[in-house]
J.: 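Sending over a structure as structure tokens; questions will come in a sec.
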Amino acid sequence: MVGSADAAVAILDRYTGTFTASGTILEGPDAASHWVRCRFTSSRQGATGLSLRGTCWAYLILSRSVSVDLDLDPQSGRVTGTYTGSRVGKAQLTGKQRGADLDLTIQWPKPLYGDTTANLRVASVDAERFRIVVIDHIGVNGPVRATTNLTLLRR
């Protein structure tokens, strides 16, 4: 990992605050694409943790609560945590900090779109925006698609 442990943990501050978001998600067994709007609040939890809570809406009537809890080991850049909000239950997150970005693997508790893993990238766009993108196979040996693609804007 490049830089000091303090600098590594300070990167978490880039992802704290209140955000509005918009983008697409895939939902259901047919992986139908839906445009969503979301609101999130993210805060530091202790010296090395980050907690994100929010709600996303599709078609003004469907909503889903979302939460992510992460912990960063500043010495190794290793990130661990949980994601809650999927229809298959709470997922485990593991991965690495890469610069200002987080590259994570999602381990679903049950198969989702034919498997139990996906890739999650949290990428800083600039001081006011970041993106959350989940990439997964759709069906066993199916095409790889973005199942979540959100851009978050600081409010």
J.: Which other residues end up in the same hydrophobic cluster as I135, if Ile, Leu, Val, Met, Phe, Trp and Tyr are linked when side-chain heavy atoms come under 4.5 Å apart?
T.: V133, V144
J.: Atom OG of S51 and atom CG of L12: how far apart are they, to the nearest 0.5 Å?
T.: 12.0 Å
J.: Pair I132, L120 - check side chain to side chain contact (heavy atoms under 4.5 Å, CB included), show working.
T.: CA-CA 7 Å; I132 297 174; L120 167 66; 3.5 Å; yes
J.: Is the shortest side-chain heavy-atom distance between R78 and T94 below 4.5 Å?
T.: yes
J.: For S86, enumerate each residue passing the side-chain contact (heavy atoms from CB on, under 4.5 Å) test, keeping only those at least two apart in sequence or located in another chain.
T.: Y83, V88, W108, L112
J.: Mind checking side chain to side chain donor-acceptor pair (under 3.5 Å) for D126 and listing every partner two or more places apart, or none if nothing turns up?
T.: R129
J.: For residues 117-145, which residue pairs pass the ring-ring contact (aromatic ring centres under 6.0 Å, His included) check, not counting sequence neighbours?
T.: Y15-F130, F19-F130
J.: Rounded to the nearest 0.5 Å, how far apart are CG of L102 and CG of L50?
T.: 8.0 Å
J.: Measure across T55 and S63 and return the closest heavy-atom pair with its distance rounded to 0.1 Å.
T.: CG2-CB, 4.0 Å
J.: Quick one: closest heavy-atom pair of R37 and S22, and the distance?
T.: NH1-CB, 3.8 Å
J.: Taking all atoms of both residues into account, what is the closest heavy-atom pair of A91 and I106, and its distance?
T.: CB-CG2, 3.6 Å
J.: Between D71 and V79, is the side chain to side chain contact (heavy atoms under 4.5 Å, CB included) condition met? List the steps.
T.: CA-CA 6 Å; D71 192 58; V79 179; over 6 Å; no
J.: Distance check, rounded to the nearest 0.5 Å: N119 atom CG versus D136 atom CG?
T.: 8.0 Å
J.: Tell me, please, which residues at least two apart from A123 pass side-chain contact (heavy atoms from CB on, under 4.5 Å).
T.: D101, R121
J.: How far does OG1 of T151 sit from CG of N149, to the nearest 0.5 angstrom?
T.: 6.0 Å
J.: Could you go through V122 and L70, starting from their C-alpha distance and side-chain angles, then the distance that decides it, and tell me whether this counts as side chain to side chain contact (heavy atoms under 4.5 Å, CB included)?
T.: CA-CA 12 Å; V122 180; L70 298 175; 5.7 Å; no
J.: Identify the two heavy atoms, one from A100 and one from I11, that lie closest to each other, and give their separation to 0.1 Å.
T.: CA-CG2, 3.7 Å
J.: Considering residues at least two apart in sequence or located in another chain, which fulfil the salt bridge (Lys or Arg N to Asp or Glu O under 4.0 Å) criterion with R64?
T.: E27
J.: Taking all non-hydrogen atoms of both residues into account, name the closest pair between T18 and T41 and its distance.
T.: OG1-OG1, 4.1 Å
J.: Applying salt bridge (Lys or Arg N to Asp or Glu O under 4.0 Å), name anything that partners R44, two or more places apart in sequence or on another chain.
T.: D13
J.: Return the set of residues passing salt bridge (Lys or Arg N to Asp or Glu O under 4.0 Å) with R53 (not counting sequence neighbours), or none when no residue passes.
T.: D69
J.: Determine yes or no for a side-chain-to-main-chain donor-acceptor pair under 3.5 angstrom, with Q97 supplying the side chain and G99 the backbone.
T.: yes
J.: Go through it in stages, so that I can follow the logic: the residues are R155 and T20, the test is side chain to side chain contact (heavy atoms under 4.5 Å, CB included), and I'd like the CA-CA distance, side-chain angles, deciding distance and then a yes or no.
T.: CA-CA 7 Å; R155 294 180 21 187; T20 57; 2.9 Å; yes
J.: Under the criterion side chain to side chain donor-acceptor pair (under 3.5 Å), I'd like the reasoning laid out for Q45 against S43: C-alpha separation, chi angles, the key distance, then a yes or no.
T.: CA-CA 6 Å; Q45 300 297 306; S43 60; 3.0 Å; yes
J.: Scan for disulfide bond (SG atoms under 2.5 Å apart) pairs involving residues 38-131, sequence neighbours excluded, and state none if there are none.
T.: C38-C56
J.: Once ring-ring contact (aromatic ring centres under 6.0 Å, His included) is applied, what residue pairs with a partner in residues 31-57 remain, sequence neighbours excluded?
T.: H34-Y59
J.: Between L104 and K96, which heavy-atom pair has the shortest distance, and what is it?
T.: CD2-N, 4.3 Å
J.: Sequence neighbours excluded, which residues qualify as salt bridge (Lys or Arg N to Asp or Glu O under 4.0 Å) partners of R154?
T.: E128
J.: So do the side chains of T48 and D73 get within less than 4.5 Å of each other, counting heavy atoms only?
T.: no
J.: Would you list the pairs meeting disulfide bond (SG atoms under 2.5 Å apart) in which at least one residue belongs to residues 79-155, sequence neighbours left out?
T.: none
